[in-house]
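Here the structure is laid out as C-alpha coordinates; the discussion comes afterwards.
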Protein chains: 2
Amino acid sequence: MSTPENTLRAQIEKLVPLSDADWDLLLPHLELRMVKKNTLFAEEGKMGKEVGMILEGCMRHYYTRDGEERSTYFYFENALVGPYLSCITGQPSQISIDALADTQLIVFPYKRLAELFDANKTWERFGRKLAEWALIGVEERMVGLLTLSPEERYNQLLAGNKQKIIERIPQHLIANYLGITPVSLSRIRNRITKK
Amino acid sequence: MSTPENTLRAQIEKLVPLSDADWDLLLPHLELRMVKKNTLFAEEGKMGKEVGMILEGCMRHYYTRDGEERSTYFYFENALVGPYLSCITGQPSQISIDALADTQLIVFPYKRLAELFDANKTWERFGRKLAEWALIGVEERMVGLLTLSPEERYNQLLAGNKQKIIERIPQHLIANYLGITPVSLSRIRNRITKK
DNA sequence: CCGTTTTCTTGTCTTTTGTTATCGTTTTGA
DNA sequence: TCAAAACGATAACAAAAGACAAGAAAACGG
(Lines give C-alpha, C1' and ligand atoms only; values in the text may rest on other atoms or scores of the structure.)
Protein backbone atom coordinates (compact mmCIF):
# COMPACT_ATOMS: atom_id res chain seq x y z
CA MET A 1 0.00 0.00 0.00
CA SER A 2 1.27 3.46 -0.85
CA THR A 3 1.32 5.11 2.52
CA PRO A 4 3.80 7.89 3.28
CA GLU A 5 5.74 5.34 5.33
CA ASN A 6 6.00 3.00 2.40
CA THR A 7 7.15 5.79 0.14
CA LEU A 8 9.97 6.51 2.55
CA ARG A 9 10.82 2.84 2.75
CA ALA A 10 10.99 2.65 -1.01
CA GLN A 11 13.42 5.57 -1.11
CA ILE A 12 15.62 3.97 1.51
CA GLU A 13 15.54 0.68 -0.32
CA LYS A 14 16.93 2.37 -3.41
CA LEU A 15 20.17 2.33 -1.42
CA VAL A 16 19.82 -0.81 0.70
CA PRO A 17 17.14 -3.52 0.76
CA LEU A 18 15.50 -3.81 4.19
CA SER A 19 13.89 -6.76 5.86
CA ASP A 20 10.57 -6.06 7.57
CA ALA A 21 12.38 -6.48 10.87
CA ASP A 22 14.92 -3.81 9.91
CA TRP A 23 12.14 -1.49 8.85
CA ASP A 24 10.23 -1.99 12.07
CA LEU A 25 13.22 -0.54 13.93
CA LEU A 26 12.61 2.84 12.35
CA LEU A 27 8.87 2.79 11.72
CA PRO A 28 7.74 3.75 15.26
CA HIS A 29 9.92 6.85 15.14
CA LEU A 30 8.38 8.37 12.05
CA GLU A 31 6.26 11.46 12.26
CA LEU A 32 4.25 13.43 9.72
CA ARG A 33 4.98 17.13 9.71
CA MET A 34 3.69 20.15 7.85
CA VAL A 35 6.12 22.99 7.30
CA LYS A 36 4.35 26.12 6.11
CA LYS A 37 5.70 28.20 3.26
CA ASN A 38 8.57 30.47 4.29
CA THR A 39 9.11 28.79 7.63
CA LEU A 40 12.23 26.95 8.70
CA PHE A 41 12.78 23.21 8.94
CA ALA A 42 16.41 23.61 10.05
CA GLU A 43 18.20 26.70 11.26
CA GLU A 44 21.77 27.93 11.11
CA GLY A 45 23.47 27.76 14.48
CA LYS A 46 21.24 25.05 15.87
CA MET A 47 22.10 21.38 16.18
CA GLY A 48 20.69 19.23 13.42
CA LYS A 49 18.24 16.83 15.00
CA GLU A 50 15.82 15.64 12.36
CA VAL A 51 15.89 14.48 8.81
CA GLY A 52 13.00 13.51 6.60
CA MET A 53 11.53 12.99 3.19
CA ILE A 54 9.28 15.37 1.31
CA LEU A 55 5.81 14.00 0.56
CA GLU A 56 4.58 17.16 -1.08
CA GLY A 57 6.01 20.63 -1.53
CA CYS A 58 9.55 21.88 -1.89
CA MET A 59 12.37 23.15 0.26
CA ARG A 60 15.55 25.14 -0.02
CA HIS A 61 18.95 24.60 1.61
CA TYR A 62 20.98 27.79 2.05
CA TYR A 63 23.95 29.44 3.70
CA THR A 64 24.01 32.99 4.99
CA ARG A 65 27.08 35.08 4.08
CA ASP A 66 27.33 38.79 4.89
CA GLY A 67 23.62 38.77 5.63
CA GLU A 68 22.88 37.38 2.16
CA GLU A 69 21.24 34.03 1.59
CA ARG A 70 23.03 31.69 -0.78
CA SER A 71 20.82 28.84 -1.91
CA THR A 72 22.74 25.64 -2.48
CA TYR A 73 20.17 22.87 -2.92
CA PHE A 74 16.50 22.47 -3.68
CA TYR A 75 14.42 19.48 -2.69
CA PHE A 76 11.17 18.13 -4.09
CA GLU A 77 8.84 15.19 -3.58
CA ASN A 78 10.62 12.01 -2.42
CA ALA A 79 13.86 13.81 -1.63
CA LEU A 80 15.63 13.18 1.64
CA VAL A 81 16.18 16.49 3.35
CA GLY A 82 17.72 17.76 6.56
CA PRO A 83 20.77 19.35 8.17
CA TYR A 84 22.78 16.25 7.35
CA LEU A 85 26.26 17.67 7.86
CA SER A 86 25.34 19.00 11.27
CA CYS A 87 23.93 15.58 12.15
CA ILE A 88 27.05 13.68 11.16
CA THR A 89 29.56 16.15 12.58
CA GLY A 90 27.65 16.94 15.77
CA GLN A 91 28.43 20.62 15.16
CA PRO A 92 25.83 23.40 14.96
CA SER A 93 24.36 23.68 11.50
CA GLN A 94 25.96 26.12 9.09
CA ILE A 95 22.88 26.06 6.92
CA SER A 96 19.18 26.68 7.11
CA ILE A 97 16.41 24.85 5.31
CA ASP A 98 13.08 26.49 4.63
CA ALA A 99 9.92 25.64 2.74
CA LEU A 100 9.32 27.37 -0.60
CA ALA A 101 5.75 26.13 -0.52
CA ASP A 102 3.63 24.45 2.14
CA THR A 103 5.50 21.19 2.56
CA GLN A 104 4.39 17.86 3.94
CA LEU A 105 7.22 15.77 5.36
CA ILE A 106 7.76 12.45 7.01
CA VAL A 107 10.52 12.97 9.57
CA PHE A 108 12.53 11.04 12.11
CA PRO A 109 15.27 11.90 14.61
CA TYR A 110 18.79 11.49 13.27
CA LYS A 111 19.64 10.21 16.72
CA ARG A 112 17.47 7.19 16.05
CA LEU A 113 19.29 6.55 12.81
CA ALA A 114 22.59 6.73 14.68
CA GLU A 115 21.29 4.14 17.13
CA LEU A 116 20.43 1.91 14.22
CA PHE A 117 23.94 2.36 12.81
CA ASP A 118 25.27 1.02 16.09
CA ALA A 119 22.78 -1.79 16.38
CA ASN A 120 22.44 -3.12 12.92
CA LYS A 121 24.70 -3.90 10.01
CA THR A 122 22.06 -3.22 7.38
CA TRP A 123 21.40 0.25 8.74
CA GLU A 124 25.11 0.94 9.03
CA ARG A 125 25.34 0.09 5.35
CA PHE A 126 22.49 2.43 4.62
CA GLY A 127 24.51 5.13 6.37
CA ARG A 128 27.44 4.41 4.09
CA LYS A 129 25.37 4.34 0.95
CA LEU A 130 23.64 7.56 1.92
CA ALA A 131 26.93 9.37 2.43
CA GLU A 132 28.35 7.93 -0.79
CA TRP A 133 25.29 9.00 -2.71
CA ALA A 134 25.47 12.50 -1.28
CA LEU A 135 29.17 12.65 -2.09
CA ILE A 136 28.58 11.76 -5.72
CA GLY A 137 26.05 14.56 -5.99
CA VAL A 138 28.22 17.25 -4.42
CA GLU A 139 31.27 16.22 -6.40
CA GLU A 140 29.34 16.56 -9.64
CA ARG A 141 28.15 19.94 -8.52
CA MET A 142 31.63 21.08 -7.57
CA VAL A 143 33.12 19.98 -10.87
CA GLY A 144 30.44 21.95 -12.69
CA LEU A 145 31.36 25.05 -10.77
CA LEU A 146 35.03 24.47 -11.47
CA THR A 147 34.93 23.55 -15.13
CA LEU A 148 31.82 25.10 -16.67
CA SER A 149 30.85 28.70 -17.39
CA PRO A 150 27.64 30.04 -15.82
CA GLU A 151 25.90 29.71 -19.17
CA GLU A 152 27.01 26.10 -19.51
CA ARG A 153 25.83 25.40 -15.99
CA TYR A 154 22.43 26.81 -16.79
CA ASN A 155 22.21 24.74 -19.97
CA GLN A 156 23.16 21.69 -17.99
CA LEU A 157 20.27 22.44 -15.68
CA LEU A 158 17.93 22.65 -18.66
CA ALA A 159 19.23 19.44 -20.19
CA GLY A 160 19.80 17.33 -17.11
CA ASN A 161 17.53 15.65 -14.68
CA LYS A 162 16.95 18.86 -12.81
CA GLN A 163 14.15 20.46 -14.80
CA LYS A 164 12.12 20.61 -11.64
CA ILE A 165 14.43 23.37 -10.52
CA ILE A 166 13.73 25.37 -13.65
CA GLU A 167 10.02 24.78 -13.40
CA ARG A 168 9.40 25.37 -9.74
CA ILE A 169 12.11 27.61 -8.33
CA PRO A 170 12.11 31.42 -8.67
CA GLN A 171 14.83 32.63 -10.96
CA HIS A 172 16.77 34.67 -8.44
CA LEU A 173 17.19 31.56 -6.34
CA ILE A 174 18.36 29.57 -9.36
CA ALA A 175 20.91 32.33 -10.02
CA ASN A 176 22.08 31.79 -6.50
CA TYR A 177 22.34 28.06 -7.05
CA LEU A 178 24.46 28.68 -10.15
CA GLY A 179 26.74 31.08 -8.31
CA ILE A 180 25.77 34.18 -10.30
CA THR A 181 23.54 37.22 -9.82
CA PRO A 182 19.88 37.25 -10.87
CA VAL A 183 20.69 39.94 -13.41
CA SER A 184 23.33 37.75 -15.03
CA LEU A 185 20.93 34.84 -15.23
CA SER A 186 18.35 37.00 -16.90
CA ARG A 187 20.90 37.99 -19.54
CA ILE A 188 21.96 34.39 -20.06
CA ARG A 189 18.34 33.41 -20.66
CA ASN A 190 17.99 36.29 -23.06
CA ARG A 191 21.08 35.15 -24.98
CA ILE A 192 19.85 31.57 -25.16
CA THR A 193 16.35 32.32 -26.46
CA LYS A 194 17.86 34.38 -29.27
CA LYS A 195 19.74 31.33 -30.53
CA MET B 1 56.67 0.74 15.52
CA SER B 2 56.30 3.28 12.79
CA THR B 3 56.14 1.12 9.70
CA PRO B 4 54.25 2.25 6.61
CA GLU B 5 51.55 -0.24 7.57
CA ASN B 6 51.18 1.31 10.99
CA THR B 7 50.96 4.78 9.51
CA LEU B 8 48.07 3.63 7.36
CA ARG B 9 46.44 1.98 10.32
CA ALA B 10 46.72 5.22 12.30
CA GLN B 11 45.03 7.14 9.50
CA ILE B 12 42.20 4.63 9.34
CA GLU B 13 41.81 4.74 13.09
CA LYS B 14 41.23 8.47 12.92
CA LEU B 15 37.84 7.44 11.59
CA VAL B 16 37.20 4.12 13.33
CA PRO B 17 39.21 2.25 15.99
CA LEU B 18 40.26 -1.20 14.81
CA SER B 19 40.97 -4.32 16.77
CA ASP B 20 44.09 -6.23 15.76
CA ALA B 21 41.81 -8.87 14.31
CA ASP B 22 40.07 -6.27 12.13
CA TRP B 23 43.39 -4.93 10.98
CA ASP B 24 44.69 -8.35 10.10
CA LEU B 25 41.89 -8.66 7.56
CA LEU B 26 43.41 -5.90 5.48
CA LEU B 27 47.10 -6.22 6.28
CA PRO B 28 47.94 -9.09 3.91
CA HIS B 29 46.51 -7.13 0.99
CA LEU B 30 48.75 -4.10 1.37
CA GLU B 31 51.43 -3.37 -1.16
CA LEU B 32 54.15 -0.74 -1.41
CA ARG B 33 54.26 1.08 -4.70
CA MET B 34 56.40 3.77 -6.25
CA VAL B 35 54.75 6.08 -8.75
CA LYS B 36 57.29 8.11 -10.65
CA LYS B 37 56.81 11.80 -11.24
CA ASN B 38 54.40 12.58 -14.08
CA THR B 39 53.08 9.05 -14.31
CA LEU B 40 49.52 7.98 -13.63
CA PHE B 41 48.15 6.21 -10.59
CA ALA B 42 44.58 6.25 -11.93
CA GLU B 43 43.36 6.99 -15.42
CA GLU B 44 40.20 8.48 -16.85
CA GLY B 45 38.06 5.87 -18.56
CA LYS B 46 39.44 2.94 -16.61
CA MET B 47 37.78 1.21 -13.70
CA GLY B 48 39.02 2.30 -10.31
CA LYS B 49 40.68 -0.71 -8.68
CA GLU B 50 43.09 0.52 -6.06
CA VAL B 51 43.27 3.10 -3.34
CA GLY B 52 46.13 3.94 -1.08
CA MET B 53 47.90 6.31 1.21
CA ILE B 54 50.86 8.50 0.35
CA LEU B 55 53.99 7.77 2.33
CA GLU B 56 56.08 10.34 0.55
CA GLY B 57 55.51 12.62 -2.40
CA CYS B 58 52.43 14.27 -3.77
CA MET B 59 49.68 13.61 -6.26
CA ARG B 60 47.10 15.46 -8.26
CA HIS B 61 43.49 14.57 -9.05
CA TYR B 62 42.16 16.08 -12.27
CA TYR B 63 39.44 16.06 -14.87
CA THR B 64 39.98 16.57 -18.58
CA ARG B 65 37.63 19.01 -20.33
CA ASP B 66 38.11 20.04 -23.96
CA GLY B 67 41.58 18.56 -23.81
CA GLU B 68 42.45 20.76 -20.82
CA GLU B 69 43.37 19.37 -17.45
CA ARG B 70 41.43 20.75 -14.51
CA SER B 71 43.09 19.94 -11.22
CA THR B 72 40.61 19.42 -8.42
CA TYR B 73 42.54 17.97 -5.49
CA PHE B 74 46.10 17.61 -4.30
CA TYR B 75 47.31 14.95 -1.94
CA PHE B 76 50.36 14.83 0.32
CA GLU B 77 51.90 12.55 2.92
CA ASN B 78 49.34 10.51 4.88
CA ALA B 79 46.48 11.37 2.53
CA LEU B 80 44.21 8.66 1.26
CA VAL B 81 44.15 8.79 -2.50
CA GLY B 82 42.50 6.95 -5.34
CA PRO B 83 39.70 6.91 -7.89
CA TYR B 84 37.19 6.68 -5.05
CA LEU B 85 34.07 7.65 -6.97
CA SER B 86 34.79 5.09 -9.66
CA CYS B 87 35.29 2.47 -6.95
CA ILE B 88 31.99 3.18 -5.22
CA THR B 89 29.92 3.63 -8.37
CA GLY B 90 31.50 0.80 -10.35
CA GLN B 91 31.64 3.16 -13.34
CA PRO B 92 34.77 4.02 -15.32
CA SER B 93 36.72 6.80 -13.70
CA GLN B 94 36.04 10.34 -14.86
CA ILE B 95 39.29 11.49 -13.38
CA SER B 96 42.98 10.79 -13.52
CA ILE B 97 45.49 10.91 -10.72
CA ASP B 98 49.16 11.49 -11.37
CA ALA B 99 52.27 12.05 -9.31
CA LEU B 100 53.69 15.58 -9.12
CA ALA B 101 56.86 14.14 -7.63
CA ASP B 102 58.16 10.62 -7.19
CA THR B 103 55.60 9.20 -4.82
CA GLN B 104 55.75 6.27 -2.47
CA LEU B 105 52.37 4.74 -1.70
CA ILE B 106 50.90 1.94 0.31
CA VAL B 107 48.02 0.58 -1.72
CA PHE B 108 45.32 -2.04 -1.52
CA PRO B 109 42.52 -3.22 -3.82
CA TYR B 110 39.22 -1.45 -3.27
CA LYS B 111 37.64 -4.83 -3.90
CA ARG B 112 39.17 -6.10 -0.69
CA LEU B 113 37.72 -3.17 1.18
CA ALA B 114 34.31 -3.95 -0.30
CA GLU B 115 34.67 -7.55 0.92
CA LEU B 116 35.42 -6.21 4.37
CA PHE B 117 32.31 -4.04 4.20
CA ASP B 118 30.30 -7.17 3.61
CA ALA B 119 32.04 -9.24 6.22
CA ASN B 120 32.55 -6.93 9.11
CA LYS B 121 30.58 -4.25 10.89
CA THR B 122 33.63 -2.25 11.92
CA TRP B 123 34.85 -2.01 8.35
CA GLU B 124 31.38 -1.15 7.12
CA ARG B 125 31.45 1.70 9.60
CA PHE B 126 34.83 2.76 8.29
CA GLY B 127 33.22 2.91 4.85
CA ARG B 128 30.53 5.19 6.19
CA LYS B 129 32.94 7.43 8.04
CA LEU B 130 35.18 7.66 5.01
CA ALA B 131 32.32 8.75 2.77
CA GLU B 132 31.05 11.20 5.38
CA TRP B 133 34.51 12.67 5.79
CA ALA B 134 34.92 13.06 2.05
CA LEU B 135 31.47 14.63 1.83
CA ILE B 136 32.33 17.25 4.43
CA GLY B 137 35.43 18.19 2.49
CA VAL B 138 33.73 18.53 -0.89
CA GLU B 139 30.81 20.44 0.56
CA GLU B 140 33.17 22.97 2.11
CA ARG B 141 34.94 23.28 -1.20
CA MET B 142 31.69 23.74 -3.10
CA VAL B 143 30.45 26.41 -0.73
CA GLY B 144 33.71 28.28 -1.17
CA LEU B 145 33.27 28.24 -4.94
CA LEU B 146 29.68 29.41 -4.57
CA THR B 147 30.08 32.12 -1.96
CA LEU B 148 33.65 33.43 -2.12
CA SER B 149 35.49 35.48 -4.72
CA PRO B 150 38.67 34.01 -6.24
CA GLU B 151 40.75 36.33 -4.08
CA GLU B 152 38.93 35.23 -0.95
CA ARG B 153 39.42 31.62 -1.96
CA TYR B 154 43.13 32.19 -2.35
CA ASN B 155 43.33 33.92 1.02
CA GLN B 156 41.47 31.02 2.54
CA LEU B 157 44.12 28.73 1.11
CA LEU B 158 46.83 30.87 2.68
CA ALA B 159 45.09 31.02 6.04
CA GLY B 160 43.63 27.55 6.28
CA ASN B 161 45.15 24.18 6.82
CA LYS B 162 46.15 23.94 3.20
CA GLN B 163 49.45 25.77 3.16
CA LYS B 164 51.02 22.67 1.73
CA ILE B 165 49.24 23.46 -1.49
CA ILE B 166 50.77 26.93 -1.61
CA GLU B 167 54.19 25.60 -0.77
CA ARG B 168 54.42 22.58 -2.96
CA ILE B 169 52.12 22.99 -5.93
CA PRO B 170 52.99 24.99 -9.08
CA GLN B 171 50.95 28.13 -9.37
CA HIS B 172 49.15 27.31 -12.59
CA LEU B 173 47.78 24.19 -10.94
CA ILE B 174 46.64 26.15 -7.91
CA ALA B 175 44.86 28.55 -10.27
CA ASN B 176 43.12 25.55 -11.66
CA TYR B 177 42.14 24.38 -8.22
CA LEU B 178 40.66 27.80 -7.47
CA GLY B 179 38.72 27.80 -10.72
CA ILE B 180 40.59 30.72 -12.30
CA THR B 181 43.35 31.23 -14.88
CA PRO B 182 47.03 31.38 -13.99
CA VAL B 183 47.11 35.02 -15.11
CA SER B 184 44.32 35.90 -12.70
CA LEU B 185 46.10 34.20 -9.85
CA SER B 186 49.25 36.11 -10.63
CA ARG B 187 47.26 39.36 -10.44
CA ILE B 188 45.67 38.34 -7.15
CA ARG B 189 49.08 37.61 -5.68
CA ASN B 190 50.35 40.93 -6.91
CA ARG B 191 47.40 42.75 -5.32
CA ILE B 192 47.85 40.96 -2.01
CA THR B 193 51.57 41.66 -1.66
CA LYS B 194 50.92 45.37 -2.20
CA LYS B 195 48.65 45.48 0.85
C1' DC C 1 -10.68 42.77 -6.64
C1' DC C 2 -7.14 45.97 -5.97
C1' DG C 3 -3.01 47.64 -4.05
C1' DT C 4 1.43 46.06 -2.50
C1' DT C 5 5.27 43.34 -2.85
C1' DT C 6 8.13 40.35 -5.28
C1' DT C 7 10.21 38.97 -9.36
C1' DC C 8 12.17 39.67 -13.78
C1' DT C 9 14.06 42.41 -17.53
C1' DT C 10 16.76 45.99 -19.50
C1' DG C 11 20.11 49.82 -19.74
C1' DT C 12 24.43 52.04 -18.38
C1' DC C 13 28.68 52.07 -16.15
C1' DT C 14 32.47 49.86 -13.61
C1' DT C 15 35.15 46.08 -12.19
C1' DT C 16 36.82 41.70 -12.74
C1' DT C 17 38.38 38.08 -15.36
C1' DG C 18 39.96 35.97 -19.61
C1' DT C 19 42.96 35.99 -23.79
C1' DT C 20 47.04 36.52 -26.03
C1' DA C 21 51.64 37.70 -26.29
C1' DT C 22 56.24 38.89 -24.52
C1' DC C 23 60.10 38.32 -21.54
C1' DG C 24 63.07 36.70 -17.89
C1' DT C 25 63.91 32.70 -14.96
C1' DT C 26 63.91 28.04 -13.61
C1' DT C 27 63.56 23.31 -14.46
C1' DT C 28 64.21 19.35 -17.12
C1' DG C 29 65.92 15.75 -19.76
C1' DA C 30 68.86 14.09 -23.36
C1' DT D 1 76.12 20.59 -19.73
C1' DC D 2 73.25 22.75 -22.68
C1' DA D 3 69.20 23.41 -25.46
C1' DA D 4 64.36 23.00 -24.93
C1' DA D 5 60.47 23.25 -22.26
C1' DA D 6 57.93 24.90 -18.40
C1' DC D 7 56.84 28.52 -15.29
C1' DG D 8 55.61 33.00 -13.60
C1' DA D 9 55.09 38.11 -14.08
C1' DT D 10 53.26 41.64 -16.71
C1' DA D 11 50.98 44.39 -20.33
C1' DA D 12 47.28 45.43 -23.65
C1' DC D 13 42.99 44.44 -25.14
C1' DA D 14 38.47 41.90 -25.18
C1' DA D 15 34.74 39.65 -22.94
C1' DA D 16 32.04 38.70 -19.07
C1' DA D 17 30.03 39.68 -14.89
C1' DG D 18 28.71 42.78 -11.15
C1' DA D 19 26.45 47.13 -9.26
C1' DC D 20 22.91 50.18 -9.58
C1' DA D 21 18.68 51.94 -11.14
C1' DA D 22 14.25 52.11 -13.49
C1' DG D 23 10.31 50.07 -15.01
C1' DA D 24 7.19 46.06 -16.52
C1' DA D 25 5.06 41.85 -15.14
C1' DA D 26 3.56 38.50 -11.98
C1' DA D 27 2.28 36.83 -7.48
C1' DC D 28 0.33 37.66 -3.08
C1' DG D 29 -2.57 39.01 0.64
C1' DG D 30 -6.18 41.30 2.62
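Throughout, a chain's letter reflects where its sequence line sits, starting with A, and its residues are numbered from 1. Worth saying up front: this structure is predicted, and the values here are computed from it rather than measured.
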> So does R9(B) pair up with D20(B), basic N to acidic O under 4.0 Å?
Replying inline: yes
>> At 4.0 Å (heavy atoms only), tell me whether P182(A) reaches a base, stays on the sugar-phosphate, or touches nothing.
In response: nothing
> When the nearest nucleotide of DNA chain C is assigned to S186(A) and to I188(B) on a heavy-atom basis, which residue is associated with the more 5' position?
Replying inline: S186(A)
> Salt-bridged, K36(A) to D102(A), with N to O below 4.0 Å?
Replying inline: yes
> Once you round it to whole Å, what is the distance between C1' of dG18(C) and CD of E68(B)?
Replying inline: 12 Å
> Given dT10(C), is OP1 or OP2 found less than 4.0 Å from the side-chain N or O atoms of N190(A)?
Replying inline: yes
>> Between the base of dG8(D) and the side chain of R187(B), is there a donor and acceptor pair under 3.5 angstrom?
In response: no
> Quick one: is S184(A) getting a side-chain N or O under 4.0 Å of the dA17(D) phosphate, OP1 or OP2?
Replying inline: no
> When all nucleic acid strands are considered with a 4.0 Å heavy-atom cut-off, which category describes L185(A): base, sugar-phosphate, or nothing?
Replying inline: nothing
> Roughly, in whole Å, what's the span from CZ in R168(B) to P in dT27(C)?
Replying inline: 16 Å
> Taking the side chain of V183(B) as its heavy atoms from C-beta onward, which of dA11(D), dT10(C), dA9(D) lies nearest to it?
Replying inline: dA11(D)
>> Whole angstroms only, please: what is the CD-P distance between E69(B) and dC7(D)?
In response: 11 Å
> Between K164(A) and E167(A), is there a salt bridge with N-O shorter than 4.0 Å?
Replying inline: no
>> Quick check with a 6.0 Å cut-off and a 45 degree axis cone: is R33(B) positioned over the face of F41(B)'s six-membered ring?
In response: no
> According to a strict under-4.0 Å criterion, is R189(A) in side-chain N/O contact with OP1 or OP2 of dT9(C)?
Replying inline: yes
> Nearest-Å distance, OH (Y154(B)) to P (dT17(C))?
Replying inline: 15 Å
> When the nearest nucleotide of DNA chain D is assigned to T181(A) and to H172(B) on a heavy-atom basis, which residue is associated with the more 5' position?
Replying inline: H172(B)
>> Side-chain N or O of Q171(B) versus OP1/OP2 of dA9(D): is the shortest distance under 4.0 Å?
In response: yes
> Which nucleotide sits closest to the side chain of K37(B): dT9(C), dT28(C), dC8(C)?
Replying inline: dT28(C)
> With respect to the phosphate group of dA17(D), does any side-chain polar atom (N or O) of R191(A) fall under 4.0 Å of OP1 or OP2?
Replying inline: yes
> If you draw the axis of the six-membered ring of Y177(A), does the NZ or CZ of R141(A) fall within 45° of it and under 6.0 Å from the ring centre?
Replying inline: yes
